[in-house]
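Here is the structure we will look at, set down as structure tokens.
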Amino acid sequence: MPELPEVECLRRSLAPHLAGRRIVGVTVRDGRLREPVREAALAALLPARVAAVERRAKVLLVRLASGAALLVHLGMSGRLLVEPASAPWRPHDRLRLHLEGGDRLVYHDPRRFGRVVALAPGEGHPLLAGLGPEPLGEGFGGAHLARAARGRRRPVKPFLMDGRVVAGVGNIYACEACFAAGIHPAAPAGRLSAARWERLAAALRAVLAESIAAGGTTLRDFADAEGRGGLYQLRTRVYGREGEPCVACGRPIRRLTQSGRSTFYCPRCQRW
DNA sequence: AGGCAAACCTGTAAGC
DNA sequence: TGCTTACAGGTTTGCC
């Protein structure tokens with residue numbers, strides 16, 4: 001579910017609830033996530049005041065005043081919701097973080113692909129290691145993509161989804177960026193011109209910014225801290241639209257499989 | 001080294 | 001209606 005725009009929308013909706021507030025306890029109901037939840041390690045960080053709510057790639061980081069942090073990755077179906085202390089456990093609620101004043105944060109994840117990890121001050125995590133630049137930040141652009149692609153035969157869409165190349169881009173936005181730039185998703189990365197990399201970098205930034213403004217994409221599971229879904233699924237040009245007419249030329253959108261993932265594209269507007 | 005398929009787990013939708 | 005199959009936003013592992 002959650003690529004960069006979804007995690008950014010979660011971060012923004014969570015920050016007003018958490019900034020400056022104290023987390024006073026944790027209750028793990030079912031810690032069998034992608035990485036087993038270590039309840040004792042989480043409890044050892046608490047109570048603690050939240051210093052900041054940050055995002056890197058698809059990872060949410062709740063920075064604590066002590067210098068420790070809570071790392072949350074939503075996997076495919078995770079949610080992190082603010083709820084009143086009176087709310088009952090629902091199916092697939094995995095753990096609760098208790099906030100001073102009574103509310104709580106509940107981590108909910110049907111597929112269990114997510115993670116909630118306690119990070120000691122200065123401690124890293126494999127999800128944060130070796131990441132490329134943030135596509136909406138400094139240090140990202142066509143020149144960076146061109147450099148990273150030099151000599152690579154990998155198709156451009158899976159190339160964009162490689163977090164070591166650029167952080168936070170998943171299947172939906174890789175498809176949408178290729179369409180917006182007029183680049184065929186199967187074109188070998190190492191063969192694109194500098195001008196086309198510039199177009200692709202600009203298209204990626206535009207697509208991500210548009211999705212954040214729309215509250216992200218909610219295909220099924222995604223919701224922000226208030227439980228609100230996003231609307232970008234109504235604005236995708238190719239993702240999930242196999243057989244529908246292309247918004248630019250009217251030809252039917254096609255689907256192909258790359259690295260085991262569905263790719264949607266327009267065979268006329270997107271060229272090698 | 002680079003790139004791919006499969007695996008992790010569960011729910012839903014489509015097909016028969 | 002009920003069973004079976006395919007597929008889903010991410011990441012890691014292991015194989016070629």
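Protein chains get the first letters and strands the later ones, always in sequence-line order, with residue 1 at the start of each.
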For a quick check of understanding: with a heavy-atom distance under 4.0 Å over all strands, which category does [X] fall into, base, sugar-phosphate or nothing?
| X | result |
| --- | --- |
| Arg153(A) | sugar-phosphate |
| Arg164(A) | nothing |
| Pro155(A) | sugar-phosphate |
| Tyr239(A) | sugar-phosphate |

* What integer number of Å spans the C1' atoms of dG11(B) and dT12(C)? -> 22 Å

* To do: Rounded to whole angstrom, note down the P distance from dA6(B) over to dA6(C).
  => 12 Å

* Residue-phosphate contact under 4.0 Å: Lys58(A) side-chain N/O, dG9(C) OP1/OP2 -> no

* Distance check: side-chain N/O of His73(A) vs OP1/OP2 of dT11(C), anything under 4.0 Å? -> yes

* Structure fact -> Apart from Leu81(A) itself, its cluster of hydrophobic side chains linked below 4.5 Å comprises Val106(A)

* Quick one: name the residues clustered hydrophobically with Leu256(A), using the 4.5 Å side-chain heavy-atom rule over I, L, V, M, F, W, Y, and just say none if it's on its own. => Tyr265(A)

* Worked verdict on Trp197(A) versus Phe159(A) for ring pair (Phe, Tyr, Trp, His ring centres under 6.0 Å) -> CA-CA 12 Å; Trp197(A) 282 121; Phe159(A) 175 78; 5.6 Å; yes

Check: residues 131-145 of chain A side-chain donor-acceptor pairs under 3.5 Å, at least two apart:
{"residue": "Glu134(A)", "atom": "OE1", "partner": "Arg55(A)", "partner atom": "NH1", "Å": "2.9"}
{"residue": "Glu134(A)", "atom": "OE1", "partner": "Arg55(A)", "partner atom": "NH2", "Å": "3.0"}
{"residue": "Glu134(A)", "atom": "OE2", "partner": "Arg56(A)", "partner atom": "NH1", "Å": "3.0"}
{"residue": "Glu134(A)", "atom": "OE2", "partner": "Ala57(A)", "partner atom": "N", "Å": "2.7"}
{"residue": "His144(A)", "atom": "NE2", "partner": "Val165(A)", "partner atom": "O", "Å": "2.7"}

I'd like a list of close polar pairs between nucleotides 11-14 of chain B and the protein, N/O only, cut-off under 3.5 Å.
{"residue": "dG11(B)", "atom": "OP1", "partner": "His92(A)", "partner atom": "NE2", "Å": "2.8"}

* **Contacts of type salt bridge (Lys or Arg N to Asp or Glu O under 4.0 Å), residue Arg152(A), not counting sequence neighbours** => none

* **Canonical and wobble pairing (Watson-Crick, G-U, under 3.5 Å) of DNA chain C, dot-bracket with |** => .|||||||.|||||||

* Inspect the contact between Asp109(A) and Arg94(A) and indicate whether a charged nitrogen and a carboxylate oxygen are less than 4.0 angstrom apart. => no

* Do the non-hydrogen side-chain atoms of Tyr232(A) and Pro5(A) ever get within less than 4.5 Å of each other? -> no

